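In the text below, chain A, chain B and the rest are named by the order of the sequence lines, each starting its count at 1. Worth saying up front: this structure is predicted, and the values here are computed from it rather than measured.
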Amino acid sequence: MATKISISPYHHSSASSHRQPPPFTAPAQLPNKKRFTVFCSSSKRAPSPPSAVAEERKNPSLAEQLSPLSTTLLSDNANKTQLLSKPKSTWVNPTKPKPSVLSLHRHKRSTYSYNPQVKDLREFSKKLNECEESEFLAVVEGIPTAPTRENTLLVLNGLKPWQKSLLFFNWVKAQNLFPVETIFYNVTMKSLRFGRQFQHIEDLALEMIEKGIELDNITYSTIITCAKRCNIFDKAVDWFERMYKTGLIPDEVTYSAVLDVYAKLGKVEEVLSLYEKGRASGWKPDPIAFAVLAKMFGEAGDYDGIRYVLQEMKSLDVQPNLVVYNTLLEAMGKVGKPGLARSLFEEMMELGVTPNEKTLTALIKIYGRARWAKDALELWERMKSNGWPVDFILYNTLLSMCADLGLVEEAERLFEDMKSSQRIKPDSWSYTAMLNIYGSAGNVDKAMVLFKEMSKVGVNLNVMGCTCLIQCLGRAKKIDDLVKVFKASVNSGVKPDDRLCGCLLSVASYCDGDDANKVLSCLELANPKLVALVNLLTNEEITNIDTIREEFKGILNSTSVEARRPFCNCLIDICRNRNLHVRAHELLYIGSVYGLYPGLHTKTEEEWRLNVRSLSVGAAHTALEEWMSSLAKIIQQQETLPALFSANTGAGTHKFSQGLGSAFASHVEKLAVPFRESEEKAGFFFATREDLVEWLQSNAVA
DNA sequence: GTAGGGTTAG
């Protein structure tokens with residue numbers, strides 16, 4: 001395979017900015033975009049604390065070992081508190097050469113002695129759960145036995161709503177019959193965590209500190225995971241830091257909870273550092289820890305990372321369980337490896353692990369996205385014949401898969417199944433999937449039937465369903481219906497997002513006169529600046545490129561990243577369809593300057609390639625013309641050219657795909673450029689140097 | 001959910 005020379009800013013040849021060699025061989029291929037960002041951030045790392053302090057001690061403390069964390073993740077005063085913190089000897093075992101970052105022993109569970117009152121106390125908890133808060137004090141006085149330590153703990157354990165747990169806990173404290181120990185706080189905190197009440201949990205933790213009640217690993221892991229679930233990650237990190245500063249070493253539960261905190265923050269390097277330190281301390285990570293790592297690498301799109309997880313599990317002889325398999329499958333999907341997902345699934349089956357809804361959802365999604373119709377349908381058959389579990393998310397994923405593969409009849413059958421099912425009723429996701437299918441297949445009538453049906457059965461149209469419907473009506477040139485649907489949607493609470501705006505803009509690009517104005521008046525309600533730019537582009541002859549660039553920049557800055565290129569594509573189409581070719585070229589230029597078309601040109605010694613896969617038809621035409629004129633200049637300057645030139649439009653594997661390839665082919669024909677569509681490689685056009693040079697010299701496009 | 005950690009949808 002020819003080495004691609006990427007013009008992307010992420011072209012870096014080594015992981016040299018990595019602070020220390022990763023435990024796995026540095027990837028042979030280029031680090032991907034997100035990975036590079038991670039490596040890059042490490043170079044911004046704050047300097048380590050003064051080394052003299054560290055040199056005095058032979059055994060670096062846990063705080064020092066983790067100091068890269070506190071210097072990157074905490075505010076500047078983290079350094080100070082670290083240096084001022086307690087003597088480290090309390091948590092360094094002097095007989096051990098290497099101090100441990102985690103304790104290999106878990107907390108011992110307290111054993112319950114048999115309580116003959118257990119049934120009554122459970123009943124009592126239920127009563128408390130069900131009573132009004134205003135009745136609480138009256139009900140609690142009716143406790144059937146003496147409120148001893150054991151009895152109250154049993155009741156507390158049976159309480160569900162966090163309000164009740166807190167009320168009961170406060171009542172127990174007010175009785176003042178026995179010292180309220182750590183376990184009472186832990187049980188109450190757990191209930192509060194279910195209610196996502198971080199502030200209450202933190203208040204209890206501070207109360208424990210104030211009263212001198214010990215916080216143990218269970219307390220800390222509960223606090224940390226509650227902060228995590230509430231998305232208060234700085235608090236999660238805070239409490240972890242606080243824990244080791246008090247001299248308590250995390251056990252593997254707290255440790256993997258913290259790994260997950262850093263993983264969710266996207267701090268891949270920190271997670272790996274913690275992981276390695278744990279391993280060096282003799283930790284044998286369990287499946288939960290590996291699930292955390294696998295999820296993180298999947299989110300980061302880091303295939304090497306996933307391979308590393310698999311390799312680590314193998315070398316440590318840790319069998320993945322169902323959750324780990326599910327996470328790995330998801331991750332394989334995220335990094336775009338459908339084949340590996342398939343073989344992992346087969347491996348899992350051979351080991352006798354039965355898939356659940358999540359497993360199947362992940363796989364169906366992967367096969368649908370990859371357009372692997374055969375595998376998707378086979379799996380669907382297996383699901384049915386094996387009676388594997390199905391839930392509404394899986395149903396909706398199957399519908400989306402049908403949309404991806406253009407399986408209209410199958411989707412209709414499934415949708416009818418859902419309607420007649422007692423358990424699984426179609427929701428807005430299901431309707432969106434169906435609208436997507438009818439929209440892509442160009443079946444306006446059925447799409448409109450669904451639209452009307454939705455308001456009848458009381459399912460709200462969401463912004464994505466609205467986008468599908470608008471696209472469908474636009475393609476069918478039913479502009480009056482489009483306007484009606486758009487206004488009705490906005491009135492019923494749909495908030496137009498960038499994708500919907502992009503969809504309206506694209507409809508406007510292929511409509512003429514009145515119709516275009518109607519569509520633009522809808523767009524005006526959602527994004528007036530975008531419409532102003534369209535007017536600037538199409539109405540004012542005197543508008544210069546600098547004005548356009550500034551306006552466009554302002555719009556791009558307030559547009560989500562994934563919608564930026566589509567915006568530019570549509571604007572180019574609008575210009576071309578109005579015969580404003582110079583404007584179209586200006587827009588392509590501006591788009592390239594703003595990085596909307598990375599990898600548009602790739603070059604090797606043998607071959608130069610134009611990649612137009614992510615361009616609209618108009619943008620692809622513009623890019624081809626632009627390329628030809630720049631090649632003409634290169635020829636004039638007598639620079640070296642490769643033997644082969646190619647253009648890649650993509651094969652358009654989607655059943656409903658719009659056919660960029662054929663549009664490109666006809667433009668090639670119109671210009672009479674000597675590119676030939678490849679018969680072996682779908683979506684590729686090739687020209688030899690000789691043919692192209694001859695054409696360029698006789699056509700003088702420069 | 002029986003004092004603590006991990007996985008499903010454009």
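Residue A:K358 places no side-chain N or O under 4.0 Å from the OP1 or OP2 atom of B:dG6. Of the side-chain N and O atoms in A:K228, none sit less than 4.0 angstrom from OP1 or OP2 of B:dG5. Not one side-chain nitrogen or oxygen of A:R193 sits closer than 4.0 Å to the OP1 or OP2 atom of B:dA3. Distances shown here put every side-chain N or O of A:R229 at or beyond 4.0 Å from the OP1 or OP2 atom of B:dG4.
Applying the 6.0 Å contact sphere to NZ of A:K495 captures no more than 12 heavy atoms from other residues, nucleotides or ligands.
A:K190 places its NZ atom 7 Å from the C1' atom of B:dA3, with the value rounded to the nearest Å. Taking atom CG of residue A:L215 and atom C1' of nucleotide B:dG4, one finds them 13 Å apart after rounding to whole Å. Counting to the nearest Å, the C1' atom of B:dT7 and the CZ atom of A:F290 are 16 Å from each other. Atom CH2 of A:W162 and atom C1' of B:dA3 are 20 Å apart (whole Å). B:dG6 atom P lies 13 Å from atom CD of A:E252, rounded to whole Å. The separation between A:L259 atom CG and B:dG4 atom C1' is 15 Å, rounded to whole Å. Rounded to an integer number of Å, the gap from CE of A:M189 to C1' of B:dG5 is 16 Å. Put simply, CE on A:M434 is 17 Å from P on B:dG10, counting in whole angstrom units.
No engagement by A:T219 is indicated, since no non-hydrogen atom pair under 4.0 Å with the nucleic acid exists. A:Y395 comes within 4.0 angstrom of nothing in the nucleic acid, heavy atoms only. If you check every strand for non-hydrogen atoms under 4.0 Å, A:S400 touches nothing. When heavy atoms are screened at a 4.0 angstrom cut-off, A:Y185 is found touching no nucleic acid atom at all. Across all strands shown, A:N396 has heavy atoms under 4.0 Å from base atoms, whether or not it also approaches the sugar-phosphate. Looking at heavy-atom distances under 4.0 Å, A:S256 makes contact with a base.
A:M208 places a side-chain heavy atom less than 4.5 Å from the side chain of A:M189.
The stretch residues 315-333 of chain A touches DNA chain B through A:N321, A:V323, A:V324, A:N326, A:T327, each having a heavy atom within less than 4.0 Å of the strand.
Looking at A:N157, its side chain has no donor and acceptor atom pair within 3.5 Å of the base of B:dG1. If you check distances only, the side chain of A:T254 does reach the base of B:dG4 with a donor-acceptor pair under 3.5 Å. With hydrogens and angles ignored, no donor-acceptor pair under 3.5 angstrom links the side chain of A:D216 to the base of B:dG4. If you check distances only, the side chain of A:R106 does reach the base of B:dG5 with a donor-acceptor pair under 3.5 Å.
Checking B:dG1, B:dG10, B:dT7 against every side-chain atom of A:K264, the shortest atom distance belongs to B:dT7. In this structure, of B:dG1, B:dA9, B:dG4, it is B:dG1 that holds the atom nearest to the side chain of A:F194. Distance from the side chain of A:K295 is smallest for B:dT8 among the nucleotides B:dG1, B:dT8, B:dG5. Nearest nucleotide to the side chain of A:R499, out of B:dG10, B:dA9, B:dG5: B:dG10. Of all nucleotides listed (B:dT2, B:dG5, B:dG4), B:dT2 comes nearest to the side chain of A:R122.
Stacking here means ring centres nearer than 5.5 Å and ring planes tilted less than 30 degrees, and by that measure A:Y220 does not stack onto B:dG4.
The aromatic rings of A:W239 and A:Y220 lie tilted to each other, with the angle between the two planes from 30° to 60°.
The side-chain tip of A:K264 does not point at the ring of A:F233 from less than 6.0 angstrom away and within 45° of straight on.
Taking atom P in both B:dG6 and B:dG1, the straight-line distance is 12 Å, to the nearest Å.
Sorted by first and then second residue, the pairs that involve residues 178-192 of chain A and meet side-chain hydrogen bond (donor to acceptor under 3.5 Å, both in side chains), not counting sequence neighbours, are A:R149-A:E181, A:S165-A:S191, A:Y185-A:E207, A:N186-A:D216, A:N186-A:T219.
In this view, A:F392 satisfies the ring pair (Phe, Tyr, Trp, His ring centres under 6.0 Å) rule with no residue, not counting sequence neighbours.
Screening A:R382, A:R342, A:R369 for a salt bridge (charged side-chain N to carboxylate O under 4.0 Å, His left out) with A:D375, the sole residue that qualifies is A:R342.
Between the side chain of A:D251 and the main chain of A:T254, a donor-acceptor pair closer than 3.5 Å is present.
Once rounded to the nearest 0.5 Å, the distance linking CZ of A:R371 with CG of A:D404 reads 5.0 Å.
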